Chemist: 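Take this structure, written in structure tokens, and hold onto it; I'll ask about it next.
Because the structure is predicted, anything quoted here is derived from the model rather than measured. For reference, positions follow the sequence shown, starting with 1. Numbering of ligands and ligand atoms starts at 1, following listing order.
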Amino acid sequence: MNEFDIIREFFDWGNGDGVAVGIGDDAAVLNPSPGCQLLTSVDAIIEGVHFLPSMDPADLGFHLAAANLSDMAAMAATPRWALLSIARVEADPHWLRGFAAGLQESLEAHGVSLIGGDTSRATQCSLNLVVFGEAPTGAALLRSGANVGDGIYVTGCPGDSAAGLELAMRGERGGRLYDAFARPTSRVEFALKQRGVASAAIDISDGLFADLKKLLSASHKGAELHIDRLPLSEDILKYVSRDEAIAFSLAGGEDYELLFTSPTPPVEHPGTRVTLIGHVTDGRELRCFDSGTPVDYDHKGYLHF
Ligand code: ADP
Ligand code: MG
């Protein structure tokens, strides 16, 4: 198959909303909604760095889309369009079909159209997705908006994804922990309901603790974090001790859950568990407590270099 066959067969799903010209020309032409700002972000996943060649291609496609959608959720933006850049060692139809199906499933579940991309040969598989979203002017939720006294909330059960990855490395697939890693839920609909309610947000990609530090640093604030309030899933507690589950929860990455601050309780959304885990303080320190007792904890999160 040449690259044009690949695009036509696997990636051209037809034009969606707001697409004047999609796949097939030198650039896509889009119609953003009036009164909205355009938001964009990119994520790359590289074989050997982010995933093993043995990973199910459909899971990989789903995961790549979910990671990008999560960035839009963290900004309280509506994801609209995506560009895919794909580099493979060979054009393997079985792999491409699976990957495209997983990607399409996740993007279409959130109304996102694939509007173009790039296809090339490489010595190692590399997958890049650019996502475009929109939010009414001034409505995007930033990392920098946290105020003293705001509650710190988290969706879902951070840590499950890292535990699922550990299981997968040992060859154990299937089950809720593995799904948390392979097919993370994108919190887009939940996040849109928090516009005008939440004060700051970040999605958890490098670990809850490290990402909370980033939010606090952007907001020039400190926090008290109550580790006894961390939402530990039944699944993770079946698999490891409480202490290990807390370590996964604070330092595991790729949860794609939302960590956000809000002066009032968040707006509920069916199926989204939300937990209050601390509050924002003056100063710049992040202090941890376990059942009221101060504890020392530090973790830098996942660093590439
Ligand atoms: P150009 O050479 O002008 O950059 P290409 O010939 O590489 O364009 O691509 C042709 C069309 O197919 C473009 O619209 C491009 O956006 C789209 N495209 C290329 N690769 C992909 C892909 N992997 N997924 C979706 N669309 C793609
Ligand atoms: Mg061109």
Chemist: Have a look at ligand 1 and work out which part of Asp25, if any, has a heavy atom under 4.0 Å from it: side chain, backbone, both or neither.
Modeler: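 Backbone only; the side chain of Asp25 stays clear of ligand 1.
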
Chemist: So if I count the atoms of ligand 1 from 1 in the order they appear, which ones are less than 4.0 Å from some heavy atom of Thr119?
Modeler: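 Near Thr119, meaning under 4.0 Å from one of its heavy atoms, ligand 1 has 19 (C), 20 (N), 21 (C), 22 (C), 23 (N).
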
Chemist: May I ask whether Phe10 places a heavy atom under 4.0 Å from ligand 1?
Modeler: no

Chemist: Just go through Gly116, Gly24, Gly117 and tell me whose heavy atom is the nearest to atom 14 (O) of ligand 1.
Modeler: Gly24

Chemist: Report yes or no: is the cationic atom of Arg183 (NZ for Lys, CZ for Arg) closer than 6.0 Å to the six-membered ring centre of Phe62, at no more than 45° off its axis?
Modeler: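 Yes, cation above the ring, under 6.0 Å and within 45°.
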
Chemist: Can you check whether Glu3 has an N/O within less than 3.5 Å of an N/O in ligand 1?
Modeler: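 No; the residue has no nitrogen or oxygen that sits under 3.5 Å from a nitrogen or oxygen of the ligand.
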
Chemist: Side chains of Tyr256 and Asp71 only: does a donor on one sit below 3.5 Å from an acceptor on the other?
Modeler: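 Tyr256 vs Asp71: no donor-acceptor pair found between side chains.
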
Chemist: Is Arg170 salt-bridged to Glu166, going by a charged N under 4.0 Å from an acidic O?
Modeler: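 Glu166 and Arg170: salt-bridged.
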
Chemist: Checking side-chain polar atoms at under 3.5 Å, does Thr272 have a donor or acceptor matched by the opposite partner on Thr155?
Modeler: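 Not at all, the side chains of Thr272 and Thr155 share no donor-acceptor pair under 3.5 Å.
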
Chemist: What do you reckon, are the aromatic ring centroids of Phe260 and Phe190 less than 6.0 Å apart?
Modeler: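 Yes, close enough.
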
Chemist: If the cut-off is 4.0 Å to any non-hydrogen atom of Phe4, which atoms of ligand 1 fall inside it?
Modeler: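 Going through ligand 1 atom by atom, the ones under 4.0 Å from Phe4 are 6 (O).
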
Chemist: Answer with side chain, backbone, both or neither: which part of Ile7 has a heavy atom less than 4.0 angstrom from an atom of ligand 1?
Modeler: side chain

Chemist: Is it the side chain (CB and beyond), the backbone, both or neither of Ile86 that lies under 4.0 Å from ligand 1, heavy atoms counted?
Modeler: side chain

Chemist: Examine the side chains of Glu254 and His63 and answer whether a donor and an acceptor come within less than 3.5 Å of each other.
Modeler: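 The answer is yes; a qualifying pair exists.
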
Chemist: Whether the Ser233 and Asp160 side chains hold a donor-acceptor pair (N or O, under 3.5 Å, no angle test) is what I'd like checked.
Modeler: yes

Chemist: By number and element, which atoms of ligand 1 are closer than 4.0 Å to a non-hydrogen atom of Asp118?
Modeler: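 This gives 7 (O), 19 (C), 20 (N), 21 (C), 23 (N) as the contact atoms.
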
